[in-house]
Protein chains: 2
Amino acid sequence: MAVTIRDVAKRLRLSITTVSRALDGYNDVSGKTRARVIRTARAMGYVPSRAARQLRRQRADAIGYVIPGQAPYFTDPFSSEFIAGLGDAATSHNLDLLISTASPDSDAEHHIYARWTQSRPVDGIVLSRLRLKDWRAKYLAQNDFPFVAHGHARLRLDFPYIEMDSRAGFVQLVQHLSARGHRRIAYIGAPAKFTLQAERFAGYQQGLADAHLAFDATLVAESDLTRTGGYQAAQRLLDLNARPTALICVNDLTAIGAMRAARERGIVVGRALAIAGYDGTEDSEHTDPPLTTLRQPIYDTAQRLVEMLLDRVAGKPIVEPHVILQPELIVRESTTFDFSS
Amino acid sequence: MAVTIRDVAKRLRLSITTVSRALDGYNDVSGKTRARVIRTARAMGYVPSRAARQLRRQRADAIGYVIPGQAPYFTDPFSSEFIAGLGDAATSHNLDLLISTASPDSDAEHHIYARWTQSRPVDGIVLSRLRLKDWRAKYLAQNDFPFVAHGHARLRLDFPYIEMDSRAGFVQLVQHLSARGHRRIAYIGAPAKFTLQAERFAGYQQGLADAHLAFDATLVAESDLTRTGGYQAAQRLLDLNARPTALICVNDLTAIGAMRAARERGIVVGRALAIAGYDGTEDSEHTDPPLTTLRQPIYDTAQRLVEMLLDRVAGKPIVEPHVILQPELIVRESTTFDFSS
DNA sequence: CTTGACACCAAAAACGTTTTGGGAGAGTAA
DNA sequence: TTACTCTCCCAAAACGTTTTTGGTGTCAAG
């Protein structure tokens, strides 16, 4: 079928060993022979069998990522960009990227992690959207399986991660809004189990405190990080008697849904209502009006995570195992109107 | 390290063969022995090594998909939903899904397909966003590598695919617009090499002809299927002296970008300008105003493609190798205003 | 009693690599 | 010459499965 190393060796009248070592760049092969081998191998279209190599080296040369979505409607641009980053990094390191989908804490999720750690089709795993008590982190650490994460958990566990200081970001955002005269600032969040919710919500509260604004629980809604979720949550908030003048959303998707709810009520976003999101997705540039948001470098983060993971897999110490990045506040028309005037 | 079949056999004082055959459900193992084997294997946490199995069976139990994006900014919800469909289908068949990214006709793309066909980490490949002369289809067919496609190519090649009758969809869309009094209907398309462009453009032209409207080349713009691309293309069209009153976009993303261009010019979408897209992504529900679009069942299509691919891999004849689906016209406020009044 | 048929199991080959442990020959030093 | 060191190459083992081939009892039929 496919051309194997044996075919190449036979053609060259060399041993399999020599061909293998020549291709792998060992220095116990003469330059002439190596050149001959490489030329012939390429000419014959030889590519090592992945399975055989994996079996022998006990390494898969692949990494895995489980998209944390609720199928069939996961269309979060965060995931897309994250996957693009992982994919490109993987390719440039000659790795394969294995993808699966499972909603958080579902049976499917448990199953896939069990399979990946036992059957070892991947050398390491990238986690994203961590939960405060993330069973995945616990499980992988327990089984001594290499992994890195986007975001951290509140567990007595040490693992490499990159996270955004989204708390600081939201503090900054509240400040931005209060400086424009907003006094009733609402917040649409995510389920409490997610670390990102804990931090962003904390940032929101901290921001209120900094601005000497009272926290009002009725101005807080929980959603599910989707457009539709944001739409529904915003409906409730906008129908309050004392309507908020500003809406901080846990991510851009939520904000996009919220904008729709406002429009349906004839509330002009950017004038009668300020709305802000988080992520800095391309979507946010094209909303009406363009959305104020906190940008995080999703693609680059994904790439960097792969680097960290590879070090982890290789057993090398990781230079900077806990990276904390600052999100960048991007002010657009959805929040520029000054309410104090 | 991990527990192997040998360990299980030793524990049970059975041969490796028997353990293997018991687990695989052959009927030349007594029921009692089988039960014993299964129980012990589970208790010991035995999971067959993927690599060893692959090597021996000459099958990877995995399928591959290359995201046709321009990194780093691929955030097309089409891909997201497509991947979700592939992933779920793969999981339910106990397959792995390998993902890579490469922009069309790039070196990276050639490289990845070469590697996947030679090194065989996947049993089959799913293609999407076909090109008229798709080298991938040609290449895979030539190398007798199993694949299926979303959309077809204009090649003398027979392969299984599912495609949308987007031509008919666009005819219907033009009819919808002309019935509302639009006479200057513009079109923002994609690069000509894509099959989807050929078909949708043809539908647009056919629709004009059906409505006895003259085709005007200045009302046609080429874009790149992204929001930003749509934004730029729309700018040109909206700055024409004789401005179009309707804008048909090759996909939703393009339409979203176009809407922004209109807003920046103070043109009220839905009143002074009709805009329509294609795909029926969740995005389209939340734009301002909500976007008229042609919905295609991305997630279901992906799942069905996996089924077809598996038949192909197994060498089974495919019941219905060429599926053609009708997109569903979803009329929303972006095109409801009647110009003839 | 012999002959199959059947149920069960073991040994060994094979999949295609990488790695281990030399080994032949040439050159150099004593 | 002998002993030693390089340089270049190779045979064989190993990775963990599945599959092929064949062997041993037991039992029923002839």
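Letters A, B, ... mirror the listed sequences (proteins, then strands); counts begin at 1. Not measured: the values here are computed from a predicted model.
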What is the separation between atom CG on A:D28 and atom P on C:dA24, rounded to the nearest whole Å? 17 Å
Output the rounded distance in Å from CG (A:L23) to P (D:dC9). 13 Å
C:dG16, OP1 or OP2 - any side-chain N/O from A:R6 closer than 4.0 Å? no
With a 4.0 Å limit, can you tell me whether B:S15 has a side-chain N or O closer than that to the phosphate oxygens OP1/OP2 of C:dA10? yes
Using a strict 4.0 Å threshold on nitrogen-to-oxygen distance, state whether A:R304 and A:E320 make a salt bridge. yes
NA contact type, A:L14, heavy-atom cut-off 4.0 Å: base, sugar-phosphate, or nothing? sugar-phosphate
Taking atom P of D:dA13 as reference, at what distance in whole Å does atom CZ of A:R56 sit? 13 Å
Answer yes or no: is there an ion pair linking B:D96 with A:R115, defined by an N-O contact shorter than 4.0 Å? yes
Are B:T117 and B:Y139 linked by a side-chain donor-acceptor pair shorter than 3.5 Å? yes
Return the 5'-most residue of the pair A:L55, B:G31 with respect to DNA chain C, ranking by each residue's nearest nucleotide. B:G31
Close side-chain approach of B:M308 and B:I162, heavy atoms under 4.5 Å: yes
From CZ of B:R57 over to C1' of C:dG16, roughly how many Å is that when rounded to an integer? 17 Å
Tell me what B:T17 touches on the nucleic acid: a base, only sugar-phosphate, or nothing, going by heavy atoms under 4.0 Å. base
Overall bend - the helix from C:dC1-D:dG30 to C:dA30-D:dT1, comparing terminal axes fitted on five pairs, nearest 10 degrees: 70°
Please give, in whole Å, the distance from C:dG16 C1' to A:K10 NZ? 13 Å
Quick one: is B:Q54 getting a side-chain N or O under 4.0 Å of the D:dT18 phosphate, OP1 or OP2? no
Ion pair B:R131/B:E109, N-O distance below 4.0 Å: yes
Partner of A:H150 under ring pair (Phe, Tyr, Trp, His ring centres under 6.0 Å), chosen from A:Y65, A:Y299, A:F78: A:F78
Contact class for A:S20 vs. all strands (heavy atom < 4.0 Å): base, sugar-phosphate, or nothing? base
Is the phosphate of C:dC8, meaning OP1 or OP2, less than 4.0 Å from a side-chain N or O of B:Y26? no
Do any side-chain nitrogens or oxygens of B:T33 fall under 4.0 Å of OP1 or OP2 in C:dC9? yes
Hey, is A:K193 close enough to A:D105 for a salt bridge, meaning N to O under 4.0 Å? yes
Check the distance between C:dT19's P and A:Q58's CD and give it to me in whole angstrom. 11 Å
